[in-house]
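Working notes, beginning with the structure itself.
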Amino acid sequence: MGLLGEVKRGLKSIEEKYGVSWQRFYYLAEVSNNWKPLLEKAGAEEILEDLAMLFELDEEYQKLTGKSLLKPLDERWHRYS
């Protein structure tokens, strides 16, 4: 499936684990710092590990495509804050 497939599998694993989109996971864990819904699914250390994995997936995606998964989300959310 290749490296892009690995990125997609990593994103899907976050979605399956937390029951929310990977974008929502990022928003809750990093932007709003509202971990309560995430803590229902995993412990704090595991959430931090998954957030670190998301950053790694974004780096890999950038290497493969030249685009960031997270930057457009940050720009959109900061515009409304």
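Numbers for residues simply follow the sequence, beginning at 1. The structure displayed is predicted, hence computed values, not measured ones.
In this structure a side-chain-to-backbone donor-acceptor pair under 3.5 Å is present from Trp35 to Ala29. Without hydrogens or angle criteria, Gln62 side chain to Ser68 main chain gives no donor-acceptor distance under 3.5 Å.
Shortest non-hydrogen contact noted between Lys67 and Tyr61 is O-CD2, 3.1 Å. Across Leu11 and Leu57, no two heavy atoms sit closer than the pair N-CD1, 3.8 Å.
Partner of Tyr26 under the side-chain contact (heavy atoms from CB on, under 4.5 Å) criterion, out of Asp58, Leu54, Leu69: Leu54 alone.
For the atom pair CD of Glu49 and CG of Leu51, the computed distance is 11.0 Å after rounding to the nearest 0.5 Å. Between Leu4 atom CG and Leu64 atom CG the span is 6.0 Å, to the nearest 0.5 Å. Summarising the geometry, atom CG belonging to Leu3 is positioned 12.5 Å from atom NZ belonging to Lys8; distances are rounded to the nearest 0.5 Å. Here the OG atom belonging to Ser32 is positioned 7.0 Å from the CZ atom belonging to Arg24, to the nearest 0.5 angstrom. Rounding to the nearest 0.5 angstrom, the gap separating the OH atom in Tyr18 from the OG atom in Ser13 is 9.0 Å. Note that the CE atom of Met53 and the CG atom of Leu48 stand 13.0 Å from one another [nearest 0.5 Å].
Scored by the salt bridge (charged side-chain N to carboxylate O under 4.0 Å, His left out) test, Asp50 finds Lys17 as partners (sequence neighbours excluded).
Ion pairing of Glu16 with Lys12 is present here, as a side-chain N (NZ or NE/NH1/NH2) and a carboxylate O approach within less than 4.0 Å.
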Please test Ile47 against Phe25 for side chain to side chain contact (heavy atoms under 4.5 Å, CB included), starting from the C-alpha separation and ending with a verdict. CA-CA 9 Å; Ile47 293 168; Phe25 169 81; 4.2 Å; yes
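With a 4.5 Å cut-off on side-chain heavy atoms, Leu28 and Pro37 count as touching. Taking 4.5 Å as the limit, every side-chain heavy atom of Asn33 sits out of range of all side-chain heavy atoms of Tyr27.
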